[in-house]
Protein chains: 2
Amino acid sequence: MTSQLQPEQLVAPYRPSRFMASLSAMSEPIPLDLAHLRKSCAHCSLQQLCLPAGIDAEELARLDQIVKLRRPTQRNERLFRISDPLVSLYIARDGAFKTVSISEEGEEQIVGFHLPGELIGLDALGHGVHRCEAIALTTASVCEVPLVQLTAVAAQLPRLQQQLLRVIGQGMGRDQDHLNILVKRQANERIALFLHGLGERYQLIGQSGLQFKLPMSREDIANYLGLALETVSRGFTRLQEDGVISVHGRLIEISDPGQLNRLAHVREAAPLPLRGSAG
Amino acid sequence: MTSQLQPEQLVAPYRPSRFMASLSAMSEPIPLDLAHLRKSCAHCSLQQLCLPAGIDAEELARLDQIVKLRRPTQRNERLFRISDPLVSLYIARDGAFKTVSISEEGEEQIVGFHLPGELIGLDALGHGVHRCEAIALTTASVCEVPLVQLTAVAAQLPRLQQQLLRVIGQGMGRDQDHLNILVKRQANERIALFLHGLGERYQLIGQSGLQFKLPMSREDIANYLGLALETVSRGFTRLQEDGVISVHGRLIEISDPGQLNRLAHVREAAPLPLRGSAG
DNA sequence: CGGGTGGTTGACAACTCTCAAGCGGCGTGG
DNA sequence: CCACGCCGCTTGAGAGTTGTCAACCACCCG
């Protein structure tokens with residue numbers, strides 16, 4: 001439908017030459033029986049967060065048929081590049097991804113981080129062409145859902161269509177949250193909000209929301225938050241000095257969730273077990 | 001060289017099907033008045049930018065049946081409020097709207113401005129409840145599209161479904177552009193980008209992109225751009241001093257589009273001497 | 001003519017960026 | 001097994017931009 005655009009690589013001044021070698025080594029299709037067995041959405045731990053949420057067994061089977069499980073991706077591998085035509089949506093299963101847009105001057109801007117269960121690829125809905133790159137932050141695995149088939153099935157399954165819109169809407173909601181982080185908030189607030197939000201998302205996928213390992217570098221965080229990486233580093237240090245969190249490299253432990261929430265200006269109905277939060 | 005990648009180009013690589021004005025022959029009750037006659041998407045000047053883009057006459061008729069034309073809204077009137085259930089999507093016909101989210105502390109954050117032809121209400125897709133208020137910046141009129149009926153019709157009309165996703169995607173694209181404005185750009189760049197983008201959008205709806213009246217206050221712009229209103233004011237003044245634009249209250253004339261473009265896209269290498277405006 | 005709203009301008013303080021140096025872990029290679 | 005070097009991260013000092021506070025101006029309306 002869309003006229004074929006040349007996926008010319010708008011290569012940014014990004015120089016992971018050492019990784020390129022390892023990436024180019026893996027392009028051969030491998031028939032993985034194991035992967036096929038595990039592919040079913042019915043057995044996926046993310047079922048309740050992912051597209052399948054809210055649809056019944058029969059519908060699930062229909063969806064299963066079009067979901068491909070891609071082989072695990074290496075760190076820094078890309079699901080798609082800028083100006084690639086929109087073919088599939090992806091859903092992270094393991095690991096984490098970032099989506100990055102690149103400005104005319106070649107500067108990267110991280111648009112979002114994607115934890116398991118979160119949809120990737122919506123950026124191309126508008127024009128049928130990706131405006132972002134999706135890059136694996138860790139070794140990861142994803143489900144691939146060809147869009148044509150997805151919309152076709154969705155047209156026949158109202159609940160799936162509804163769910164699709166819902167997942168899209170949630171993605172937009174996250175974008176809006178991102179926006180609210182960036183506007184009119186100072187560095188420390190942004191960092192607190194970031195950690196808070198990340199903790200919430202980890203909790204949603206069944207991991208600890210109080211103790212987790214950041215899949216992204218300080219530089220990525222800084223980019224995402226619109227700060228200098230030094231400011232992020234200082235922010236972490238400050239939060240640690242104040243006893244709010246405990247930092248060991250990328251390991252984060254939230255020692256005082258209540259205080260973190262307060263710093264983030266988040267008020268909520270205490271979804272986390274808040275133990276004796278001082279003052 | 002990479003000039004095909006304009007940040008926000010609504011003109012999609014889809015073939016725009018020509019619409020025959022044979023719709024008047026369709027069996028329609030014709031119960032009401034002039035407004036009802038004008039309601040038809042087939043006669044709307046925004047046809048190519050709005051939901052109807054890319055669908056044929058017959059499909060258009062189906063869409064027409066579910067589109068309600070709401071009475072003109074007054075300035076500051078709201079289409080919906082926060083936590084209102086999602087009932088309809090809206091499309092601005094005349095005038096302009098802003099969507100505003102409100103933080104726990106009661107601070108407003110303007111999420112987007114909506115010119116004619118642009119969809120309003122997508123914020124509620126995620127949870128079925130609006131997370132924004134849509135407020136008219138001027139007297140305005142909107143088309144209202146009940147979501148239930150829209151999705152029902154879309155399920156039967158693949159092209160409408162596709163178009164719906166496309167419009168949603170374009171909305172997300174605008175959000176992303178907004179985000180890119182806010183991150184890592186200084187005040188003057190944000191302002192230049194803002195004016196540039198606004199001009200582009202005005203041009204798209206058939207108005208002058210070089211001379212237009214801002215529908216929103218300085219305060220709104222500042223809020224949207226994450227700046228203090230004084231900074232916006234100073235930025236306008238500065239742009240005027242530099243001969244890039246001409247400001248008369250809310251009337252904006254872009255005197256030097258090339259320079260504005262440069263300021264909006266290029267962080268440095270601007271031939272403008274950056275010095276204090278004392279003088 | 002006066003009040004009100006919205007916009008402009010000025011001065012100062014605070015925050016964050018930039019530049020720069022130093023630290024620490026981890027993998028490679030001897 | 002240890003040394004080295006690289007990379008990611010931390011820390012420090014100075015400069016610049018922007019927010020804040022405050023006053024003033026311009027326009028609209030009655």
Side-chain angles (χ1 to χ4, degrees), chain A residues 14-19 21-22 75-76 98 107 137-138 181-192 194-195 213-242 245-252 263, chain B residues 75-76 98 107-110 137-138 181-192 194-195 213-242 245-252 263 267-268 270 272-279:
Chain A
Y14 192 62
R15 31 177 206 271
S17 45
R18 55 201 176 286
F19 293 107
S22 62
R75 185 163 183 273
N76 279 339
K98 62 178 174 184
E107 293 169 27
L137 290 167
T138 61
I181 289 180
L182 290 174
V183 182
K184 279 290 190 176
R185 308 203 98 103
Q186 336 217 90
N188 285 333
E189 283 178 282
R190 296 187 196 186
I191 294 166
F194 175 73
L195 290 176
K213 184 174 181 221
L214 298 170
M216 72 294 280
S217 68
R218 300 286 192 276
E219 187 174 8
D220 281 344
I221 298 173
N223 183 309
Y224 179 74
L225 295 179
L227 299 170
L229 84 84
E230 294 94 330
T231 304
V232 172
S233 184
R234 279 185 252 267
F236 277 18
T237 301
R238 178 67 195 279
L239 284 173
Q240 186 167 229
E241 285 171 358
D242 292 347
I245 65 175
S246 174
V247 186
H248 298 289
R250 294 195 179 179
L251 280 177
I252 300 288
L263 290 172
Chain B
R75 186 162 182 277
N76 282 336
K98 63 178 174 183
E107 295 168 22
E108 298 193 357
Q109 174 56 49
I110 296 180
L137 290 167
T138 61
I181 289 180
L182 290 175
V183 183
K184 280 287 193 182
R185 308 204 98 104
Q186 336 217 90
N188 285 333
E189 286 177 278
R190 297 188 196 186
I191 294 165
F194 175 73
L195 290 176
K213 182 171 183 231
L214 298 171
M216 72 294 281
S217 68
R218 299 286 192 276
E219 188 174 8
D220 280 345
I221 298 173
N223 183 310
Y224 180 73
L225 295 178
L227 300 170
L229 85 84
E230 293 95 330
T231 305
V232 172
S233 184
R234 280 186 252 266
F236 277 19
T237 302
R238 176 68 194 280
L239 284 173
Q240 186 166 230
E241 284 172 358
D242 292 345
I245 64 175
S246 174
V247 185
H248 298 288
R250 295 196 178 179
L251 279 177
I252 300 288
L263 290 173
R267 288 185 67 85
E268 54 218 13
L272 274 185
L274 294 178
R275 51 152 199 260
S277 56

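We name chains A, B, ... by the order of the sequence lines, and we start the count at 1 in each one.
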Inset, instruction - Check whether any side-chain heavy atom of A/Val232 sits under 4.5 Å from a side-chain heavy atom of A/Tyr224, and report yes or no. - result: no

Inset, instruction - Compare side-chain N and O positions of B/Arg250 against OP1 and OP2 of C/dG7 and report whether any pair is under 4.0 Å apart. - result: yes

Inset, instruction - Report the nucleotide, chosen from C/dT8, D/dT11, C/dT18, that has the shortest atom-to-atom distance to any side-chain atom of B/Val247. - result: C/dT8

Inset, instruction - Can you measure from CG (B/Leu229) to CG (B/Asp220) and round to the nearest 0.5 angstrom? - result: 10.5 Å

Legend entry - D/dT18 OP1/OP2 closer than 4.0 Å to side-chain N/O of B/Thr231: no

Inset, instruction - May I have the distance from A/Gln240 (atom CD) to D/dT11 (atom P), rounded to whole angstrom? - result: 8 Å

Inset, instruction - Scan A/Ser217 against the nucleic acid and name what it touches under 4.0 Å (heavy atoms): base, sugar-phosphate only, or nothing. - result: sugar-phosphate

Inset, instruction - Enter the distance from B/Arg185:CZ to B/Arg190:CZ here, rounded to the nearest 0.5 Å. - result: 10.0 Å

Inset, instruction - Compare side-chain N and O positions of B/Thr237 against OP1 and OP2 of C/dT9 and report whether any pair is under 4.0 Å apart. - result: yes

Inset, instruction - Indicate, with a heavy-atom threshold strictly under 4.0 Å, whether A/Leu229 touches base, sugar-phosphate, or nothing. - result: base

Legend entry - Among D/dT11, D/dT20, D/dC9, the one nearest A/Arg218 by side-chain distance: D/dC9

Inset, instruction - Would you give the length of the straight line joining atom CD1 of B/Ile221 to atom CE of B/Met216, rounded to the nearest 0.5 angstrom? - result: 5.5 Å

Inset, instruction - Rounded to the nearest angstrom, tell me the gap between atom CG in B/Leu225 and atom P in D/dT17. - result: 18 Å

Inset, instruction - Kindly compute the distance separating CG (B/Leu214) from CG (B/Leu195), expressed to the nearest 0.5 Å. - result: 6.5 Å

Inset, instruction - From the options C/dT8, D/dG19, C/dC17, select the nucleotide whose nearest atom is closest to the side chain of B/Leu227. - result: D/dG19

Legend entry - Whole angstrom value for the distance that separates C1' of D/dT18 from CD1 of B/Ile221: 17 Å

Legend entry - B/Glu189 side chain reached by B/Leu263 side chain, heavy atoms, under 4.5 Å: no

Inset, instruction - Let me know the distance between CG of B/Asn76 and P of C/dT5, rounded to the nearest Å. - result: 13 Å

Inset, instruction - Figure out the CD/C1' separation between A/Gln186 and D/dT18, and round it to whole Å. - result: 11 Å

Legend entry - Euclidean distance, B/Lys98 NZ relative to B/Thr138 OG1, rounded to 0.5 Å: 11.5 Å

What protein N or O atoms touch nucleotides 19-25 of chain C N or O atoms at under 3.5 angstrom, if any, and at what distances?
{"unit_1": "C/dC19", "atom_1": "N4", "unit_2": "A/Glu230", "atom_2": "OE2", "d": "3.0"}

Legend entry - Nearest-nucleotide 5' precedence on DNA chain D, A/Glu219 against B/Gly226: A/Glu219

Legend entry - Separation of atom CZ in B/Phe236 from atom C1' in C/dT9, rounded to whole Å: 16 Å

Inset, instruction - Give the rounded distance in Å between these two atoms: CD of A/Glu189 and C1' of C/dT16. - result: 14 Å

Inset, instruction - Take atom CG of B/Asn223 and atom P of C/dG6, then tell me their distance rounded to the nearest Å. - result: 14 Å

